[in-house]
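Before any comments, here is the structure.
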Amino acid sequence: MTDRDSHAGDVGDHRRGIEGSLARELGDISVEVAEGLGRFLTENRPAELEQHAKSTPTDIVTQMDSLAESLAREMIARRRPDDGFLGEEGSRSSSASGLVWIVDPIDGTTNYIYGLPMWAVSVAVVHEGKAIAGCVHSPELDMTASAVRGGGAVVRSRGGSAPLSTSACQDIGKALIGTGFGYSPDRRTSQGQLVAELVPLVRDIRRAGAASLDLCWVGAGLLDGYYEEGLHVWDFAAGALIVEEAGGTVTTLDDESVWSAEMSSDEWGTIIAAAPGVHAQLRALVGNAATRTA
Ligand code: LIP
């Protein structure tokens, strides 16, 4: 394809939505950036991490979060100079192309600080507020999950690769459900009360500490569902696309789409991601429990 053709393809894609070779190129870039940050974060981890509190004393950012976000911005700008950027640690730039890259450089920062393996780099690119391609890469778990809208979701791990598909679970009482908790004590109190309501009604609960990984595990059928209140778009943009392309359903508690042209940095309400056989049951369970514990 000549440069002109690729630019023509760019313009055409934007008018009719992003598809075909551009979507695949964006998917490749999301994997390249996520894995590049993964190498940086593991190979350059210092003996001592500088820790600064954000919204609460336990909501921490390290120098590695900030450095990785800068690296993501540089890598993307080299390949897609006209695209916008929105990062967890404050990087923002407007888009001249209609595409915006949304990056959580370390999802699961607490796990990264403690040396627990459940942390990941999450990279997504959105067009008109809807993820077109995305990647969640976990260096410590040797896992790279990625998806292109309309092209399915795949995982590469331990030298092999396979398509992702959500579980066949049809009964919420036998469902393994992931969740997470916010950083504010008040929110954690209500989230703790809610999870206590759910525990006897599902198979079990898992709390790993990284939304992007929880979402990948729903896409892989390793969890039957996941819910969490108070995420930001950088936590879920790539993982939600992976769930959808793996055959799962992702909505808000009110059964609304999680894709919004706003794609702001604000906190979201509760997100429900699940295999199709239990999404409605999980949403009802969480909704009823939230009403009882409000
Ligand atoms: C994390 C989320 C996780 C939530 C954690 C934390 P961070 O994001 O991915 O689902 O339960 O409390 O918010 O702050 O590590 O990027």
Side-chain angles (χ1 to χ4, degrees), residues 34 37-38 41 45 49-69 72 86-91 102-124 131 134-141 143 145 176-195 198 205-219 222-223 225-243 250 252-253 258 265-274 282 286:
L37 264 61
L41 289 161
R45 181 192 174 112
L49 288 168
E50 299 159 16
Q51 300 185 33
H52 302 285
K54 294 195 296 188
S55 64
T56 72
T58 55
D59 180 7
I60 300 297
V61 60
T62 73
Q63 76 272 33
M64 297 307 283
D65 297 80
S66 305
L67 289 170
E69 184 162 303
L86 172 60
E88 175 175 12
E89 305 316 338
S91 298
I102 299 180
V103 175
D104 188 341
I106 307 179
D107 183 34
T109 296
T110 302
N111 289 338
Y112 180 78
I113 291 169
Y114 274 75
L116 290 167
M118 297 81 73
W119 59 272
V121 177
S122 181
V123 179
C135 178
V136 175
H137 171 62
S138 169
E140 306 291 354
L141 302 177
M143 181 217 71
L176 188 61
I177 301 300
T179 191
F181 306 122
Y183 289 110
S184 87
D186 289 347
R187 169 168 285 170
R188 294 169 70 81
T189 299
S190 63
Q191 289 174 324
Q193 291 165 345
L194 194 152
V195 76
L198 292 185
I205 295 283
R206 294 289 182 269
R207 194 284 197 256
S212 58
L213 287 177
D214 290 315
L215 289 163
C216 286
W217 293 335
V218 172
L222 303 179
L223 288 174
Y226 162 74
Y227 75 92
E228 186 163 350
E229 175 195 10
L231 294 178
H232 292 86
V233 65
W234 44 74
D235 294 314
F236 71 78
L241 173 65
I242 288 166
V243 172
V250 187
T252 66
L253 191 55
V258 297
S265 57
D266 298 339
E267 268 191 0
W268 280 67
T270 298
I271 284 178
I272 312 279
L282 178 59
V286 173

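Atom set for the values below is all heavy atoms of this structure, side chains included, hydrogens, waters and symmetry mates excluded. On a predicted model such as this, the values are computed, not experimentally measured, just so you know. Counting starts at 1 for both ligands and their atoms, in listed order.
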What are the two closest heavy atoms between Asp107 and Asp235, and how far apart are they?
->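 Closest pair (atom of Asp107, atom of Asp235, distance): OD1-OD1, 3.3 Å.
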Using the salt bridge (Lys or Arg N to Asp or Glu O under 4.0 Å) rule, collect all pairs that involve residues 178-195, keeping only residues at least two apart or in two chains.
->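 Only Arg187-Glu229, Arg187-Glu267 qualify under salt bridge (Lys or Arg N to Asp or Glu O under 4.0 Å).
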Counting heavy atoms only, which of [options] is nearest [atom]?
atom                    : options                : result
atom 6 (C) of ligand 1  : Tyr112, Phe181, Tyr183 : Tyr183
atom 16 (O) of ligand 1 : Glu88, His232, Arg187  : Glu88
atom 9 (O) of ligand 1  : Thr58, Asp107, Asp235  : Asp107

Answer yes or no: is there an ion pair linking Lys54 with Glu89, defined by an N-O contact shorter than 4.0 Å?
->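 Counted as a salt bridge, because a side-chain N and a carboxylate O are separated by less than 4.0 Å.
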Side chain to side chain contact (heavy atoms under 4.5 Å, CB included) between Ile106 and Leu41: does it pass, once the steps are laid out?
-> CA-CA 9 Å; Ile106 307 179; Leu41 289 161; 3.6 Å; yes
Using a 4.0 Å cutoff against the non-hydrogen atoms of [X], which atoms of ligand 1 qualify?
X      : answer
Gly108 : 7 (P), 15 (O), 16 (O)
Tyr226 : 10 (O)
Ile106 : 16 (O)
Gly180 : 11 (O)

Value rounded to 0.5 Å, distance of [atom1] in [X] from [atom2] in [Y]:
X      : Y      : atom1 : atom2 : answer
Tyr226 : Ile271 : OH    : CD1   : 7.5 Å
Phe236 : Ile242 : CZ    : CD1   : 13.5 Å
Leu49  : Ile60  : CG    : CD1   : 11.0 Å

How close does the nearest protein non-hydrogen atom get to atom 3 (C) of ligand 1, and which residue and atom is it?
->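 For this ligand atom, the closest protein heavy atom is Ala211 N, 3.7 Å.
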Protein contact to atom 4 (C) of ligand 1 [nearest heavy atom, distance to 0.1 Å] |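 Protein heavy atom with the smallest distance to atom 4 (C) of ligand 1: Glu228 OE2, 3.1 Å.
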Would you kindly say whether Ser212 and Asp104 are connected by a side-chain donor-acceptor distance under 3.5 Å?
->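 Side-chain D/A pair, Ser212 to Asp104: absent.
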Consider every N or O of Asp104 and every N or O of ligand 1, then say whether any pair is closer than 3.5 Å.
->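 Yes, at least one N or O pair falls under 3.5 Å.
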Is there any N or O on Thr109 that sits under 3.5 Å from an N or O of ligand 1?
->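 By distance alone, the answer is yes.
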